[in-house]
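Below is one structure, written out as structure tokens; the observations come after it.
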Amino acid sequence: MAKSTLSFVCQNCGAAYNRWQGKCDSCGEWNTLAEEDTTGSVPVSIRSKRKGRTFALESLSGKTQDAPRLSSGMAELDRVTGGGFVRGSVLLVGGDPGIGKSTLLTQATSMMARAGHRAVYISGEEAVAQVRLRAERLGLADAPVQLASETSVEDIVSTLSEGAVPRLIVIDSIQTMWTDTVESAPGTVTQVRASAQALIRFAKKTGATIILVGHVTKDGQIAGPRVVEHMVDAVLSFEGEGSQQFRILRSAKNRFGATDEIGVFEMTGLGLREVTNPSELFLSERELGSPGTAVFAGIEGTRPVLVELQALVAPTSLGTPRRAVVGWDPSRLSMVLAVLEAHCGVKLSGHDVYLNVAGGLRIQEPAADLAAAAALVSSLVNAPLPTDAVYFGEISLSGAIRPVAQTPARLKEALKLGFGRATLPESARGDGGGDSGLSLNSVGNLTTLVAEIAARGTPRGGRAVPRDDQGGSRSDTAEKNATPARFRRETS
Ligand code: TYD
Ligand code: MG
């Protein structure tokens with residue numbers, strides 16, 4: 001009999017220690033060590049001292065078939081996986097409780113089953129009746145999905161080894177699975193890792209695609225199985241604001257595709273609806289003509305996405321003014337504010353600043369700098385921006401507007417959605433932006449943009465400067481000629 005080995009394993013990163021300690025030296029987390037029996041966590045075959053067999057070594061240039069992919073029947077899911085499920089691949093889908101992971105995967109398995117493939121849904125969290133109830137609600141009860149409520153990995157593997165190889169197996173969730181080969185409790189790192197290993201081995205051996213559902217801790221990491229992230233082929237996270245109906249599927253790792261694609265869904269009473277044109281969704285509840293909002297023409301993966309940035313700049317009553325941002329990088333906001341102060345004469349140290357990306361989207365592109373700056377200045381001087389304008393461009397620390405990639409795609413999307421003008425970096429004109437059908441306002445420096453916006457209005461409480469209606473006039477020459485000095489006079 002194997003000697004029982006007790007060790008203390010960090011439930012965050014999987015590092016093992018001989019004695020308990022408050023902080024994990026490996027990942028720096030506090031209070032994550034738990035006592036686990038790690039007997040058998042190394043498979044017997046590895047521990048035994050057998051002589052290895054020899055195998056053939058191959059060259060890189062050999063002929064290999066393209067990884068065969070199978071569409072899930074949901075275009076947005078395929079977009080994120082890189083064009084469908086690859087045979088023998090294992091995906092990890094993480095997300096907050098209640099965000100819709102089980103709903104998404106019930107829909108995906110049903111689509112596969114309806115297309116004539118063997119699709120299996122194993123729930124370790126819900127009873128068969130509960131899963132059926134959800135399927136009924138989604139109108140998918142007639143799909144020939146094979147369903148079970150099971151938690152033993154050995155039982156699952158032997159059951160699925162019988163009959164035709166399943167094309168898709170959903171394991172909801174990996175934290176509820178346990179295997180006989182290790183002795184610690186289900187949900188511990190050792191169990192999760194060993195269960196995932198067994199399932200991955202099954203996928204590679206048979207060519208079935210396995211989707212593992214993983215829970216997410218309060219700070220957004222997939223709980224326990226950080227180690228699992230390294231073992232699987234793709235890590236997808238399903239995100240969304242609790243109060244919003246939009247859900248975004250994002251890939252954090254993908255061995256068979258790009259990681260910058262997003263899939264957009266809307267949670268409805270009848271399950272998740274795919275959103276093929278996210279811009280329309282993100283702009284649908286736009287309040288036209290209110291100060292502090294700017295439309296950013298962004299790119300998510302290969303797809304242009306238009307989204308509204310909302311800013312509120314208000315005098316502070318605190319010693320240290322507040323800076324709050326949702327959906328964007330707070331350090332980029334600080335940088336834009338610093339450039340506005342240092343180069344454009346915009347004094348914000350006495351103001352609270354709030355910035356929000358509408359619709360629950362999270363923007364990672366530096367190209368959003370210009371739109372954020374436009375929204376901030378628009379709020380500060382209480383001047384609405386033209387309702388038919390989009391903004392994009394990166395701001396450098398010197399205040400220069402730097403060019404960004406994929407200008408034509410951004411402009412095309414803006415034109416498609418009825419926008420009439422775009423404010424963009426100067427060098428973008430030659431970049432295919434010239435014949436876009438939009439009236440282009442290229443700015444080389446943030447100071448120019450600030451002056452243009454300042455010319456449109458006055459600070460809160462001040463007298464409004466008469467101006468032509470937002471959106472109508474295409475001749476902005478008067479605004480272009482305005483100087484920052486004029487802006488300073490108006491706002492002080
Ligand atoms: P679920 O898929 O169970 O979430 P997860 O598996 O990520 O924990 O989804 C739960 C939420 O989704 C629940 O709060 C209700 C909502 N929902 C709908 O709004 N419409 C639907 O058709 C379904 C099935 C769920
Ligand atoms: Mg669930």
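Everything quoted here is computed from the prediction, not taken from an experiment. Start at 1 and go down the list; that is how both ligands and their atoms are numbered.
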When you pair each N or O of ligand 1 with protein N or O atoms, which pairs come out under 3.5 Å?
from: ligand 1; atom 1: 2 (O); to: Ser102; atom 2: N; distance (Å): 3.3
from: ligand 1; atom 1: 2 (O); to: Thr103; atom 2: N; distance (Å): 2.8
from: ligand 1; atom 1: 2 (O); to: Thr103; atom 2: OG1; distance (Å): 2.6
from: ligand 1; atom 1: 3 (O); to: Arg134; atom 2: NH2; distance (Å): 3.0
from: ligand 1; atom 1: 4 (O); to: Gly100; atom 2: N; distance (Å): 3.1
from: ligand 1; atom 1: 6 (O); to: Ser102; atom 2: N; distance (Å): 2.9
from: ligand 1; atom 1: 6 (O); to: Ser102; atom 2: OG; distance (Å): 2.6
from: ligand 1; atom 1: 7 (O); to: Ile99; atom 2: N; distance (Å): 3.4
from: ligand 1; atom 1: 7 (O); to: Gly100; atom 2: N; distance (Å): 3.0
from: ligand 1; atom 1: 7 (O); to: Lys101; atom 2: N; distance (Å): 2.8
from: ligand 1; atom 1: 7 (O); to: Lys101; atom 2: NZ; distance (Å): 2.9
from: ligand 1; atom 1: 8 (O); to: Gly98; atom 2: N; distance (Å): 2.7
from: ligand 1; atom 1: 9 (O); to: Thr103; atom 2: OG1; distance (Å): 3.4
from: ligand 1; atom 1: 20 (N); to: Arg137; atom 2: NH2; distance (Å): 3.3
from: ligand 1; atom 1: 20 (N); to: Thr268; atom 2: O; distance (Å): 2.8
from: ligand 1; atom 1: 22 (O); to: Gly269; atom 2: O; distance (Å): 3.1
from: ligand 1; atom 1: 22 (O); to: Gly271; atom 2: N; distance (Å): 2.8

Practice problem: Quick one: pull up CE in Met74 and CG in Leu249 and give me the separation to the nearest 0.5 Å. | Solution: 9.5 Å
Quiz prompt | Neighbouring protein N, O or S atoms of the Mg ion (ligand 2) [cut-off: under 2.8 Å, no waters] | solution = Ser102 OG
Quiz item: Would you say Ser334's side chain and Pro330's backbone share a donor-acceptor pair under 3.5 angstrom?
Solution: yes
Practice problem: Give a yes or no on whether Lys412 atom NZ has more than 12 heavy-atom contacts from other residues, nucleotides or ligands under 6.0 Å away. | Solution: no
Quiz item: Got a salt bridge between Asp329 and Arg362, using NZ or NE/NH1/NH2 to carboxylate O under 4.0 Å?
Solution: no
Exercise. Determine whether more than 12 heavy atoms belonging to other residues, nucleotides or ligands lie under 6.0 Å from atom NZ of Lys253.
Key: yes
Quiz item: Only one of Arg273, Arg250, Arg247, Arg303 clears salt bridge (Lys or Arg N to Asp or Glu O under 4.0 Å) with Glu76; which?
Solution: Arg303
Quiz item: Salt bridge or not for Asp142 and Arg114, using N-O below 4.0 Å?
Solution: yes
Quiz prompt | Side-chain ion pair, Arg332 and Asp369, N-O less than 4.0 Å | solution = yes
Practice problem: Using a strict cut-off of less than 4.0 Å between a Lys/Arg side-chain nitrogen and an Asp/Glu carboxylate oxygen, indicate whether Asp233 and Arg255 qualify as a salt bridge. | Solution: yes
